[in-house]
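Only this structure's heavy atoms are used, side chains among them; waters, hydrogens and symmetry mates stay out.
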Amino acid sequence: MRIRLSIRETRGEFVKRVEEISGQEILACNQCGKCSAGCPAAMAMDLLPSQVIRLVQLGLEEALTSETIWLCASCLTCLSRCPKGVDLPRIMEALRQLVLRKEGDRLELSALPVDFLSEAPQLAIVAGSRKYLS
Amino acid sequence: MRHLYFPGCTLSTKAKGFAASGEASARALGIDLVELSQWNCCGATFPLAMDNLLALVAPTRILLNAQKEGDHLVALCSICYHVLKRTNRLLREEADKREKINLFIEEEYRGEVRVFHLLGLLRDEIGFETLSQRVQKRFQGLKVAPYYGCLLLRPFQEIGLDDPEEPRILDDFLASLGCEVVEFSHKTECCGSYLTMNSSEVTRELSHAILRSALASGAQAVVTSCPLCQFNLDYRQGEMAAHYPGFAQIPVLYFTQLLGIALGIESDTFGLADHHVDPRPLLREV
Amino acid sequence: MVIGGGISGIQAALDIANSGYEVVLVERLPSIGGHMAQLSETFPTLDCSQCILTPRTVEVGHHEKIKLVTYSEVEEVRSQGDDLRVKVRRKPAYVDWERCTGCGLCQEKCPWRVTSDFERGIGERKVIYTLSPQAVPNKPVIDREHCVYFQKGGKCGACAKFCPVEAIDFQQKEEIWEEQVGAIVVATGYDLYPMERLSEYDGGHHPDVIDSLQFERLLSASGPTAGEIRRPSDGAVPKEVVFVQCAGSRDPERGVAYCSQICCMYTAKQALLYKHKVHEGQAYVFYIDIRAGGKGYEEFVQRAMEEERVLYLRGKVSKIFPQNSKVMVWGADTLSGKRVEIAADLVILATAILPSQGAWDLKEKLGIKIDESGFYEEAHPQVRPIESGVPGIYLAGAGQGPKDIPEAVAQGSAAAAKVLALFASEV
């Protein structure tokens, strides 16, 4: 299917919200791909991080349905190497926030195995709650 | 010298050995770590959403409490250090956000407290050369992989502890204890961090890649300063062994555990028995 | 006066001299030719660089209107009426070039070898040396820092013993004198971005991660491997070679913001020449965009892809590190949406073009301007690209901005035309 692009998408509310929450100029990214090249979690992602940014640049909300945004560990490897200084982890966070604020939690703590929870360090539980709960 | 100290949640519970070994070692080196009289959790993540100022309140309170008792604050946990350091910078440099946060906490804090990691103090105040002279038991021939992870180093512009691509601080620290420090490709790759809560297989894969790289370089132990890295690298080795036949397990230690032992401190409280991969046989060997 | 003896300065000097005016050509190194003397073959025609350069350097060397002053730098510039008075400082070569016949016996007999800057650290030279066998002038200099005679109080002296014309002069001092000239062409050229600053690309540690000029020396018949492609670590012929474009360029965060302009083309050329020499080898090129906007350039890149089967991968490399006897390259191919890794035998970084180190210093002496990237600033970027803004001082070559050989030559000629027009107006 051909995707119809118009000012509705490219200058739409979605791009605006992502830019607001992330504080990033989405078009500063020139799609060089260095973030994707170095992303440690990319092996499990359905889209490369740079492709997620691209969808946002085009104003396409399908960026929100990508698994990629939930597999970003905020490790900041991409940020520390980005030639344009684009804070991709903040863009991923913005996309996660847009989903969480609309759809609620992504994680059910009570469903996690008891032996895991009894072993996991507090900061894993706190950080996981921050990232996956609305 | 007296230093205000923020242990954080994990060092007070699951990583007591990290805290105990760090505090005892610091004391032996003349660094008197005095725990903040009042503290709360730092939030374990630096909030990345620009419109989420509420999440900055918790680390701001810690810094404000520190200011009431001194002028600087030491952390051992990489994540606490990261969150406090970034929050502090933001409060210092971003006036509009500072004002709003100060309204929340109903007090005035402007980012004056200086935030340190114990590794930074060891390097800059004690000096690794001096440290080396204080070592009583040298880890002669112990091959260790210095694992920095992510948040101790990145983003460099805000943390500024060491080069984010070719860091030296943990390498030099371990060398000062007499360890043989191996060069390995994954010293700043991510272990999976909080993905451990929701994507255990991905975490296992990321952690496995780090350990595989360390093992290939001949390391006998991996050393870290982050309780979440320690957990992912250590706890997940059971799954790695099940998933990758022939995977050789490797102990994952806190830098303070090695420091304490090297300084000749009794290691009973260092939590060595709590590790999933028991480091004691290796430590006895050397 | 022309400052800088690269191809642009050479062109300016020849055009002015051939119009009947006297030229003083000042070069920092012992001989002229600049970076072009280091290159193997040139795009897009694959002319041998040395072969098209040498007739020009020789012409400069023999030209009765050109006073060639090498191993020298501009010390001070003052204006006096319409003229410029330039103080020039010549470093001691410890060889009397008047007597020296350039026979080369001293270099043959010198027992000491050191790493050669001309070979970009992957080859050696003697302690008494010329840059290359085709050097103009073909007169050697002694590298005092490494010379046993100087460092160990008079020991050795082999060069002096064997010199048939007694040209070795260990007592030689630096010379400073003044030239009076009517105009100056500034053609100081470029340097490459240091690999040490690319810490995610192994920071210059691994011998098999090299920069593009080092690879030119490997390709060059006069280079340390006599033109055979052998990697520095163990001399093996590399079977898989990775080229990384934009290494430091287009990176406002930690490198330089601008495009270095020549890397797309020389990388295509280097990959193609590699394939000519190692038929069974595979070359990969990581790129962000291919900028091949010159005459015959796009066709050349297509030839590298189609005929030589160079595999272009669209994505910037994130990390390079040693793994066993290979160099691991982590990149992305954004066209397929895949993260890729290549275990390479040799990695060539197309490091960014920087204005040459002396530009900052020279700018002060000449009173000309430098832009935010460190290149000489022209009086107007569109309509006065040759003028420096200071009367009588003109710009040529890569010191004004990254450029390839044809452009550098064209700007050299343009600067000469400006000088000639100035002189004609004064008569």
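- Neither the backbone nor the side chain of A:C78 comes within less than 4.5 Å of any heavy atom in chain C.
- Minimum interatomic distance between C:T334 and A:C32 (heavy atoms only, all atoms of both residues): CG2-O, 4.4 Å.
- Crowding of A:R8 atom CZ: a count of heavy atoms from other residues, nucleotides or ligands under 6.0 Å not exceeding 12.
- Summarising the geometry of C:A332 relative to A:G33, their closest heavy-atom pair is CB-O, 3.7 Å, with the distance given to 0.1 Å.
- Nearest heavy atom pair, residue C:V317 against residue A:K34, reads O-CE, 3.2 Å.
- Applying the ring-ring contact (aromatic ring centres under 6.0 Å, His included) rule to C:F43 yields the partners C:Y297; only residues at least two apart in sequence or on another chain are considered.
- For C:R250 (side chain) and A:P83 (main-chain N/O), no donor-acceptor pair under 3.5 Å exists by modelled atom type.
- Atom CD of C:Q302 has more than 12 heavy atoms from other residues, nucleotides or ligands within 6.0 Å.
- Here the straight-line distance linking atom CH2 of C:W330 with atom OG of A:S36 works out to 14.0 Å at 0.5 Å rounding.
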Step-by-step side-chain contact (heavy atoms from CB on, under 4.5 Å) determination, C:K316 to A:R81: CA-CA 10 Å; C:K316 185 152 173 149; A:R81 295 185 188 148; over 6 Å; no
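- Other residues, nucleotides and ligands contribute at most 12 non-hydrogen atoms within 6.0 Å of the CD atom of C:E372.
- Using a 4.5 Å cut-off between heavy atoms, A:C35 makes no contact with chain C at all.
- The two residues A:A37 and C:G331 have their closest heavy-atom pair at CB-C, 3.3 Å.
- With a 4.5 angstrom heavy-atom cutoff, A:M43 touches chain C via backbone and side-chain atoms both.
- In this structure, OG on A:S50 lies 12.0 Å from CZ on C:R339, to the nearest 0.5 angstrom.
- With a 6.0 Å radius and a threshold of 12 heavy atoms from other residues, nucleotides or ligands, A:E25 has its CD atom at or below the threshold.
- Within 6.0 Å of NZ on C:K277 lie more than 12 heavy atoms contributed by other residues, nucleotides or ligands.
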